[in-house]
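Let me begin by presenting the structure, written as structure tokens, before commenting on it.
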Amino acid sequence: MLDKTFNPTEAEPRLYKKWEDSGAFQPKMDTSLEAYSIVIPPPNVTGNLHMGHAVNNTIQDILIRFERMRGKDVLWQPGADHAGIATQMVVERKLATEGKARKEMGREEFLSHVWDWKKESGGNITQQLRRLGASCDWSREKFTLGNPEDPSDKMAEAVTKAFVEMYNDGLIYRDKRLVNWDPHFQSAISDLEVETKTVNGHYWHLRYPLADGVSYAHPIMDEDGNVTGHETRDYLVVATSRPETMLGDTCVAVHPDDERYTDLVGKEIILPIVNRRIPIIADEYPDPEKGSGAVKITPAHDFNDYEVGKRAGHTPISILNEKAEILPLEGIPQDLHGLPVKRARKNVVAYFERAGLLNHVEDLQIEQPVGDRSGVIIEPLLTDQWFVDTEKMAADAMDAVEDGRTEFFPANWKKTYDHWMNNIQPWCISRQLWWGHQIPAWYGPSISKDPISSMNHYYDFDNPIIFCAATEEELHKNAFEYYSNIKMPDGTPAIGGGTNIVPDRATAIKYCNDPDGAGMYYIQLYRDPDVLDTWFSSGLWPFSTMGWPEQTPELERFYPGSVLVTAFDIIFFWVARMMMQGLHFMGDVPFKQVYIHALVLDEQGKKMSKSIGNTIDPLDLIDGIDIEGLVEKRTRGLKNPDKAPQVAKATRKAYPDGFEAFGADALRFTLAAMAGMGRDIKLSVERIAGYRNFGTKLWSAANFGQMNACQPQADFDPASVDLALNKWIISETVKTSAEVTRCLEAYRFNDAADAAYKFAWDTFCAWYLELSKPILSGEDAGQKSETQATFAWVLDQILKLLHPFMPFITEELWGKIGEGRDEMLILTAWPDLSDSLIQEAASADIDWLQTLIGNIRSVRADMNIPPSKKAPLLMLADKLDPRLAAYAEQLSPMARVEHVELADTAPRGALQTVVDGVTYAIPLEGLIDLGEERARLAKEIEKIEAEIAKIDKKLSNPNFTDKAPPNVVQIQHDRKTAFVEEKLKLEEALGDIA
RNA sequence: GGGCGGUUAGCUCAGCUGGUAGAGCAUCUCGUUUACACCGAGAGGGUCAGCGGUUCGAACCCGUUACCGCCCACCA
């Protein structure tokens, strides 16, 4: 006897440990097997498991377990991402609560804090993945930043090598360009990290006075746009949503074809406040239809203006520092110095107003760029940064998808991918942060201004590197030949990087381990202080995790990966970059297929977000949580704490009892069953409960098997069974396993889950189990043992088919059922059953039996016959169907049939039903109201007539009979024949009563 | 402004190659038997968003409209 139900809280950790300890997650590295590999989308070390991870990893684990059971040599490569900005932010915040500031403690100390923090809580997410059942090979766990304590770890070396090679190939360059600057982090960020937010804003229409007494006639228009007159103006009106940037204007631009301003091109205006003379230029950029048609140009603080300024040959004037405060430049009034943008704006507008130069203010919605992490307004800023020239790489990456080397599922995502690749911009890869791969470029003062790059010293952050040698010649050799020789395009130093530092002889002596230092040559180099964009190293993930740049057996065997499983929101961030870098460094795509899965939304269809308070923690569904705990969790992270009562109320209403401990299997099955292609998942807790019940159902069926001695037989041959019932269930098993296999191969997880569910619950539990009861408790030993063996075999197949979805409960049952079976389910072979096992004749018998039982149940229920009332079953025919006798033992409990006999006509007061053209009567004199039975029959007939009418309409249409394929027409003929026959029988039955 | 997706039972969603509209939950009725009440049996419930087209035949293909959601985009 098994326990009453499966106890996930107890069993799941135990089973997981058993798998992991046994090495079941590790690839065999057996070259005779087909390789199958997936690299995990590395979760942020800062992260905790959320619903997105849960779907993502459930799907990967389903595929991995499926392919592992199919006998492939499987690698699921796990690891975590250092997540530069996110992690630095988290640790900085934590230190702030201890009263410590990052900048005060310095780089080295800060980083040691981050590493400490990573050691402490960086393992959370991987532990949580284990709770889900993820069968990754943890012995190969990697971290995008590498492991400084493990000399064999190549993750950091891979990044350096990638950077150096791309530099040498001209794909990485350093440039002073306008970049998206996040004033909170005081770092550049990439285009992708900028979000646009629509806010209520204004356009300020400013008057710029024309210099040298120039004036012009400005047309006055009526409402319809007709010119009604002219007004003499000695100023130009420009509209802007950023008035404070006027401090950095270098010109005003008008369209060359704009006749209003033709005469003004080449003239100058006096820029108010700073009293600078700037020209009026002609450029294609301004749209005469918009605003006044004249545009103020601030090249240093606007992407469009930058281009206009460049065309006009103007030097951009930066007016903001890295905190987005006004720089103390000459010409800018003292009282603006150091003001943050918002306050500066107010003051600038006030200046214009006082000077009578504020034409008017227009209210409207404007698009504001904000940092996706910091949430602050992004300022375009002119800085020195490292860039990747993405154009060629993007073209290669697009070709690879175009020619099918990499395939998207669902295929629509190719469009999104192509669109982005087609519009790709240079990728800014430097970040002014500390947590990350420090850029492997050094700026040297004495010997050369060129930076050189190193394959070593990744973690030598603040200190200069000092090269020492006894001779100058040797020094050159050490410093330049040893390292890859990076040439700077213009020799400009990094932001904040040391340059032209006088070598410190004492330090050199210390480093060179030469107490005397006499006759020593040395140079001192400073490393670029910036780090690389996290996604630069994530882009290498598919091969860096496998040991690249070394040519390892893993790389040989598991690159390219079989499939990448991810949500669409990181197609650009990650998928695109892996494609580009994989193709560049490996000469091949990083994965053959990309499966893009749905996003998990809350039950209202909104994105889950801590700041809104609508998240559901997957672990709470696994372990359970009471309502108080849930409310506390949801209100804790709110962006707007005032909303707490509202969130609490909504939470209590939605989940008055919190969550039960559904277990990982139920959650996984739900996610799989809801993961239809190309659609979002609105998570339903009710469905999780339903699939938990499914687990219990399975458990209970196994218990039934145990009670009836249904032990798996190692030598069981499904082709050898005699009973139709067993032939039928074996046939159904074959069909289902083929269906589940087909669906999994096509990433149709919901269909695969459905097919397995229906088979296990409806076919096996509801029918086979019930139909087998009389045999299992019967006298015929041969039939009994055959059925016991068949039962056990089918249950084993069910456990296998369900294992990828519900690994824990299936493994537990597998162990409990098969005493002495030493192989774990995770490593058994996937059902690969021959079609020859499908026996249609046996199936037809059982189909008939199911229909008969169904009809009897239905008519009895319709007429409110209590199940306790058994009745005979009369077959109205000349000869008794032998199947009635054969299945009498099943008909008795399932259809409440007392006994079976032959009759000429239905006795008065009998229910009648038709199966396969034969009328059956159930005499229930006195228990049924004849009027009601008449009405019931009449209704049945009516339904059939409607069907017949529909079919007739088709068949009488010559277009249909002529043009439709013959088999389709035949089906309709057959259906009609069956309906007509049934109708006749029912009419006879009705006649009997009347 | 460009692109993508959605609209099917009260709710949440399936519906693969165009050929008899399905499931779970909820609702209603009834619960006997050697697994299971986290259960069993049965029932009701549909203008497949609207309009037009292609087709012998459309939930499905094409066009269009409406509403909802998402992504991308430099409109001063």
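Every chain is numbered from 1 and lettered A, B, ... according to where its sequence line falls, protein lines coming before strand lines.
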Crowding at CD, Glu889(A) (>12 non-hydrogen neighbours, <6.0 Å): no
Under a 3.5 Å cut-off for both distances, is [N] Watson-Crick or wobble paired, and to whom?
N	result
rG42(B)	rC28(B)
rU34(B)	none
rC70(B)	rG3(B)

Evaluate the criterion ring-ring contact (aromatic ring centres under 6.0 Å, His included) for residue pair Phe662(A) and Tyr691(A); output intermediate values, then yes/no. CA-CA 9 Å; Phe662(A) 296 116; Tyr691(A) 289 124; over 10 Å; no
Any Asn412(A) side-chain nitrogen or oxygen under 4.0 Å from OP1 or OP2 of rG5(B): yes
So, OP1 or OP2 of rG44(B): does either fall under 4.0 Å of a side-chain N or O from Lys943(A)? yes
Going by modelled atom types, is there a donor-acceptor pair between the base of [N] and the side chain of [X] at under 3.5 Å?
X	N	answer
Arg742(A)	rC16(B)	yes
Lys697(A)	rC36(B)	yes
Arg687(A)	rC25(B)	no
Asn959(A)	rC56(B)	no

Starting at the 5' end of RNA chain B, which residue's closest nucleotide do you reach first, Gly690(A) or Phe704(A)? Gly690(A)
On RNA chain B, nearest-nucleotide positions of Ser858(A) versus Lys4(A): which is more 5'? Lys4(A)
Between CG of Leu852(A) and P of rG42(B) the distance, given in whole Å, is 13 Å
